[in-house]
2 protein chains.
Amino acid sequence: MSHASSLILTTSDATFERFRHQSPLNRAMRSADSRDIDTLPARSLVVIDLDLARTPPASQQASWRARGIAHRLIVASKNPSDDEGLIWLDLGAAGYCHALASDATLRQVLDVVISGELWVGRSLMNRLLKGVGSRTHQVNTARWAEQLTPREQEVARRVAEGESNLTISQALGITERTVKAHLTTIFEKIQMDDRLHLALKIHGIR
Amino acid sequence: MSHASSLILTTSDATFERFRHQSPLNRAMRSADSRDIDTLPARSLVVIDLDLARTPPASQQASWRARGIAHRLIVASKNPSDDEGLIWLDLGAAGYCHALASDATLRQVLDVVISGELWVGRSLMNRLLKGVGSRTHQVNTARWAEQLTPREQEVARRVAEGESNLTISQALGITERTVKAHLTTIFEKIQMDDRLHLALKIHGIR
DNA sequence: ATGGATACTGTACCTGGGTACTAGGAAGAG
DNA sequence: CTCTTCCTAGTACCCAGGTACAGTATCCAT
C-alpha cells in the first residue's frame, strides 16, 4: 500500500532536495503555492516547509483541516516548537518534524506517515501525555543510568522508590553494608551526596 | 548509535520468534521474569509481551516507572486498548503496539524507539490530541497540603526540593529545632516517617 | 478568661544513612 | 598471566534527621 502522489511545498531548493532524495519522494512534485494541494488525488503525501506557510490564520484553518483529512501532511519547521506542532496536528497533520532533522529521521517520519500512523517527536509527545493528566518522564533524562553498573542501577531504582538500605539488602540477598558500598559509588558517579537528591534526580526533578 | 542490549519478555514461543526476526532484535535475550530487566545495562531495548505482565498494580508502578526511565520499553498487547496504552506510556514506555501487528509495523516501532523517539498508534494518538489543554493536573497535587498549616506547607515544600533542615531554618529565619518540630507534625499528619517519602508524595510518586 | 490552634525553642537521646579504609573472589580483556 | 571492573563485605566512625518531653508566646473564638 502506497500513497497516490506526493508534493513538496517549499521555496527552498535545499529543503526540496533533501526531501526529494528520500526514496518515497523521489518522484515528488514541487510547488510554492499551497492551493496546489487541493488539486492532488486523495491520500497524497504532502511535505510542507513552514518557511512557506506559517501557522495559518483562523480564517484559513478550516481549509487546512480539510486538507489534513484529505491527504497526509508532514509539516517540517526550521524552528519547531511544541505549540506550533500542536496546532498542526490539530489541523490534521500526520507528522511534525524538524526541517533539518537527520536523513534517518526524515526517512522514519515518511515511513510512519505512509503506513498510516502519526509521527510526533519526543518533546511534543511528552506534552501530549501531560495533557491527559499523566505525569511524564523526560525520556532523554535517563542519563543518570548510563554511568551506573546494573547492580548500581537496581539499588538506585529502589532507593528512588523509598526503600531503606536494609529492605534493599534483603531484597537483593546481600548485606546492608554492600548496599551502602553501592550507594557510595553511585553518589560518587552521579555527583550527589544523599538518597533524597538521588531520588529527585531519578524522578526527573532538578 | 544503537541500544546497549535487548531483552524480549514473553512466555510465548511464537511471540518471541516474531520479534527476534526483526533485525535489531536478532541477538535479543529471552526471559519470562520481569525482574531480569533490572540486570540490563542502561538504555537497553526491552519488548514486553502483555500476556506475561498485565497492567501493573499500583504497588509496582513505581518500579515500572523506574524501568521506563532506565530503558526503552516496547509494550506489545494482544488485545490493545487506548486506556492500557496510556497507562504504559505514563509508566515510561517508548512504544505501545499490537502484538500481532505486521512485520513492517513492528520494524517501524523498533526503528522509532531505537532512534530515541516514542511510537504511538493512530487511535491512541488521536486520544492524546483530544486531551490536550482540557485537563488541569493540579487537582490531586494539592491534596497533601490540605491538612497542613501554611508554615508546615512551606517546610514540606522545601524538603521536597531537597533542602536540608539547616538550610530551611536559615531561609525561614528560625531554629533548626523548629524545622524539626514542624517536620514531626507533618509526618504525623501525612502518615510518613521520613523526608524521602514526603518528597515522593509531594511530587506525586506513590 | 479559657481553651484551642499555631508558631517557636531547648535539652537529651537514638538511629539510619553515609564515609574511610581495607580486602577477597569472579570474570573479562589484552 | 596480569590488569581492571564489578560485586561483595568487615570494622569503625560521624552526623543529619527524627523522637521524647517540656516550655513560652500569640491570636482567636466561645
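A note on names: the letters A, B, ... follow the listed sequences, proteins ahead of strands, and every chain is numbered from 1. Since this is a predicted model, take the numbers as computed values, not measurements.
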Can you check whether [Y]'s main-chain N or O pairs, donor with acceptor, with [X]'s side chain at less than 3.5 Å?
X: Arg72(A); Y: Leu118(A); result: no
X: His98(A); Y: Ala76(A); result: no
X: Gln22(A); Y: Leu110(A); result: no

Euclidean distance, atom [atom1] of residue [X] to atom [atom2] of [N] [Å, nearest integer]:
X: Asp194(B); N: dG18(C); atom1: CG; atom2: P; result: 11 Å
X: Leu166(B); N: dT9(C); atom1: CG; atom2: P; result: 13 Å
X: Ile174(B); N: dG10(C); atom1: CD1; atom2: P; result: 11 Å
X: Lys189(A); N: dT19(C); atom1: NZ; atom2: P; result: 14 Å
X: Leu183(A); N: dA20(C); atom1: CG; atom2: C1'; result: 16 Å
X: Leu198(A); N: dG17(C); atom1: CG; atom2: P; result: 13 Å
X: Gln153(B); N: dT6(C); atom1: CD; atom2: P; result: 11 Å
X: Arg195(A); N: dT19(C); atom1: CZ; atom2: C1'; result: 14 Å

| Where at least one partner belongs to residues 167-187 of chain B, residue pairs that pass side chain to side chain donor-acceptor pair (under 3.5 Å), sequence neighbours excluded |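 Only Glu152(B)-Thr185(B), Ser164(B)-Thr167(B) qualify under side chain to side chain donor-acceptor pair (under 3.5 Å).
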| field | From CG (Leu196(A)) to CD (Glu163(B)), nearest 0.5 Å | value |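 Answer for the CG-CD pair, Leu196(A) versus Glu163(B), is 10.5 Å.
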| Inter-residue atom distance Lys201(A).NZ - Gln191(A).CD, 0.5 Å rounding |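 Lys201(A) atom NZ to Gln191(A) atom CD measures 9.0 Å (nearest 0.5 Å).
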[X] with [Y]: basic N within carboxylate O range, under 4.0 Å:
X: Arg158(A); Y: Glu161(A); value: no
X: Glu17(A); Y: Arg20(A); value: yes
X: Glu154(A); Y: Arg157(A); value: yes

| query | How would you give the extent of chain B contacts on DNA chain D, as first and last nucleotide 5' to 3' within a 4.0 Å heavy-atom cut-off? | reply |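 On DNA chain D, the outermost contacted nucleotides are dG17(D) to dC21(D).
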| Thr149(B) or Lys180(B): which one's nearest nucleotide on DNA chain C is closer to the 5' end? |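 Between the two, 5'-proximity favours Thr149(B).
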| message | So Thr175(B), base contact, sugar-phosphate only, or nothing? Heavy-atom distance under 4.0 Å. | response |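 Thr175(B): backbone/sugar contact only, no base atoms under 4.0 Å.
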| query | What is the nucleic acid contact for His182(B), judged by heavy atoms within less than 4.0 Å: base, sugar-phosphate only, or nothing? | reply |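 Touches sugar-phosphate only.
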| request: Could you encode protein contacts along nucleotides 22-30 of chain C as a string, one character per nucleotide from 5' to 3', using B for base contact, S for sugar-phosphate-only contact and - for no contact, with a heavy-atom cut-off of under 4.0 Å? | output: ---------
